[in-house]
There are 2 protein chains.
Amino acid sequence: MVTIKNIAEMAKVSRTTVSRVLNNSGYVSEDVRKRVEKVIEETGYIPSHYAKSLRTKKTKIVGVILPTIQTETSSRIVTGIGKEISQHGYEILLANTNLNQEKEIEYLELLKERRVDGIILIATNTEPALVEKIKEMNIPLVMIGQEANGIMSVTFDDYHAARELTRTFIKKGHEDIAFIGVDETDRAVGYRRKKGFLDEMAAHEINVNEEWIQKAIFDIDSGYDTMEKILSKTGAISKRSAPTAVIAVTDRLAIGAINYMKKQGIRIPEDVAIAGFGASEITRYLDPPLTTVDYHNEKAGEEAARQLFNRMQAQTQEGTEKVVLNYRLVLRKSL
Amino acid sequence: MVTIKNIAEMAKVSRTTVSRVLNNSGYVSEDVRKRVEKVIEETGYIPSHYAKSLRTKKTKIVGVILPTIQTETSSRIVTGIGKEISQHGYEILLANTNLNQEKEIEYLELLKERRVDGIILIATNTEPALVEKIKEMNIPLVMIGQEANGIMSVTFDDYHAARELTRTFIKKGHEDIAFIGVDETDRAVGYRRKKGFLDEMAAHEINVNEEWIQKAIFDIDSGYDTMEKILSKTGAISKRSAPTAVIAVTDRLAIGAINYMKKQGIRIPEDVAIAGFGASEITRYLDPPLTTVDYHNEKAGEEAARQLFNRMQAQTQEGTEKVVLNYRLVLRKSL
DNA sequence: CTGTTAGCGCTTTCAT
DNA sequence: ATGAAAGCGCTAACAG
């Protein structure tokens, strides 16, 4: 592999000079520059980025830790991050935990070993062990999707989105609304969306039927099963014996629920209205098209990258700006 | 940032010794090892991976170039790659071209600059400029999804998958089959799948209606539009005036086509049968569930990683093994 | 405008 | 069993 030293010798200049033409820094006379460039051209020399890093203390890499790349949310966020950072000559080092929470901490260490300039964490939880680890890392880090004390974050306005969505159902005359949620260790998806729903119901003084509030896991089949469970419950509190509407905390859960209902001959939205969260591409093409909440995931990725760069420039570890992105209700025929 | 030198001083040993305990290489007496480990523990020292790379000439990074991460194919492949390489202490450096072909070549240079140990390219074309660039790169590289002379690859058996799928349609009594393809610069998806279709039709001596063979681009709406176009054509060659079946080269195209047909009141599969390729998750949950071809994308990623490691170990740049993965027809109600 | 020198943090002979 | 010395490829004072 040809090095800067070889180039210097061949062009009969010093390594410094070669470095200067490489980086367009300092003075280099035209003819020397030409000579050096010619040699570089001929040899196909490509400078070693990590040798450079050793001196400059900058790897120009940001580590991205995520629970899985196989959701539209994640892949859109990663796309957004990539767009923003590539403009600054940065690249993404990918750390996929495959939903294994322990690996989040492992990967933080790994990324430190790699001396990444910053980290973006697409989080699914805010467990103390994780938060603590992040704080002792001493590397600029921004979290997406969850927020925690003293950590920079870009989050979605889950609470208000859930409230507004719920309000929309209520306005359409629904009172018997079922809710398919997920575990509350996921503060954003599990806790806040549910709280938004409950608070809005309470604000309208509508009783909720506890049996219609169920917890699922993150996949389509679970939406199916959970819907079955809900419909098997009689409405002890409610006037009616079955809900007229369902709010699912993700589009996939909603799709599963719809599948179960269709199988039972329940018409959507005539018999039961439904909505999800996430605005996954397919929701537009479902029959009927699914009402959902668009969170601008790609923007979130871009924004997180911008925040990260801000912090990286500001030499300080102080300040923990948090940005909360807005959302957009996508009203479609399912409601 | 604490370095190996600091540790050495604090433990009153040489850097060499610290290095030895770090890497479990050579002899280190028990008490010295203990002493060093204690200091490492106390200081929270984490060795710099790229400083190590500078000496060892191994970055333990594989670059992954892909057209977009926002398809299930890509994200599954990346997951597969990640699983395989993380077992060897490798990480993924992500290079997302966002469907900009020129960037493929740009990123090859970038990855070389980063001195990645190997590259996996999820390819959408095999243009001469690209192939040439790859060959002069002198870095182990395996291509996924496309194949080219002298380049290692992991590909899907598009040709036979298309033939078998077509045969299945024919066996069910279909002769008037429309085909929604894509541009043939994509040899795998555009050319091979089409060729498989045509050859199988020819083998059964069934005439194809040229007007029912249309070219789309890679999105759902294009499937919709193309289906509209096909149904607007009268069947000049065929006995009937409209196709009784449609083969779309991707699931998304099929979904678009289905949406158009549903809108026209065409029943599936009673009036028109349809199938796609890719086995995207949603196909199971469509109404009716979509017949499709499962290509085991995650396995493809793993396999590509394994091939890459083989090549990286074999010091030679010789040999260009190509593996062709098998597929699985997923027969569902849409056919 | 150009070169000399030193050093980033690590590993690897080669001695001892 | 441990250490000294050299060097990986690059950049950054500092001289001149």
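Letters A, B, ... mirror the listed sequences (proteins, then strands); counts begin at 1.
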Distance in angstrom units between B:K34 NZ and D:dA1 P, rounded
15 Å
Can you tell me which residue among B:R33, B:K34, B:R35 is in a salt bridge (charged side-chain N to carboxylate O under 4.0 Å, His left out) with B:E37?
B:R33
For the pair made of CD in A:E9 and P in D:dC10, what is the distance, rounded to whole Å?
13 Å
Would you say B:K57 places a side-chain N or O within less than 4.0 Å of OP1 or OP2 belonging to D:dG9?
yes
Let me spell it out: for each of B:A51 and B:K12, pick the nucleotide of DNA chain D with the closest heavy atom. Which residue's pick is nearer the 5' end?
B:K12
Considering only D:dA12, C:dG9, C:dT2, which nucleotide approaches the side chain of B:T3 most closely?
C:dG9
Below the 4.0 Å mark, does D:dG3 have OP1 or OP2 next to a side-chain nitrogen or oxygen of B:S14?
yes
Does A:N125 reach the side chain of A:D186, with side-chain heavy atoms less than 4.5 Å apart?
no
Ion pair A:E132/A:K135, N-O distance below 4.0 Å
no
Rounding to an integer number of Å, can you tell me how far A:K5 NZ sits from C:dT4 C1'?
15 Å
At under 4.0 Å, does any side-chain N or O of B:S29 touch on OP1 or OP2 of D:dT2?
yes
Does A:Y45 make a side-chain N or O approach to OP1 or OP2 of D:dC10 shorter than 4.0 Å?
yes
On DNA chain C, nearest-nucleotide positions of A:V13 versus B:S48: which is more 5'?
A:V13
Once you round it to whole Å, what is the distance between P of D:dC8 and CD1 of A:I4?
13 Å
Over how many whole Å does the gap from A:Y27 atom OH to D:dA15 atom C1' extend?
16 Å
N/O donor-acceptor pair, side chain A:T16 with base C:dT4, under 3.5 angstrom
yes
Taking atom types as they are modelled, would you say the side chain of B:R115 forms a donor-acceptor pair with the base of D:dG9 within the 3.5 Å cutoff?
no
Taking the side chain of B:T56 as its heavy atoms from C-beta onward, which of C:dG9, C:dT12, D:dT11 lies nearest to it?
C:dT12
Distance in angstrom units between A:E113 CD and C:dG9 P, rounded
15 Å
Using a strict cut-off of less than 4.0 Å between a Lys/Arg side-chain nitrogen and an Asp/Glu carboxylate oxygen, indicate whether A:E147 and A:K322 qualify as a salt bridge.
yes
Relative to the 5' end of DNA chain C, which residue comes earlier, B:N23 or B:R20, by the nucleotide with the nearest heavy atom?
B:N23
Nearest-neighbour nucleotide for the A:R55 side chain, D:dG9, D:dG7, C:dT2 considered:
D:dG9
Separation of atom NZ in A:K58 from atom P in C:dG9, rounded to whole Å
14 Å
Do A:K299 and A:E303 sit within salt-bridge range, that is, some charged N less than 4.0 Å from a carboxylate O?
no
Separation of B:N6 atom CG from C:dG9 atom P, in whole Å?
8 Å
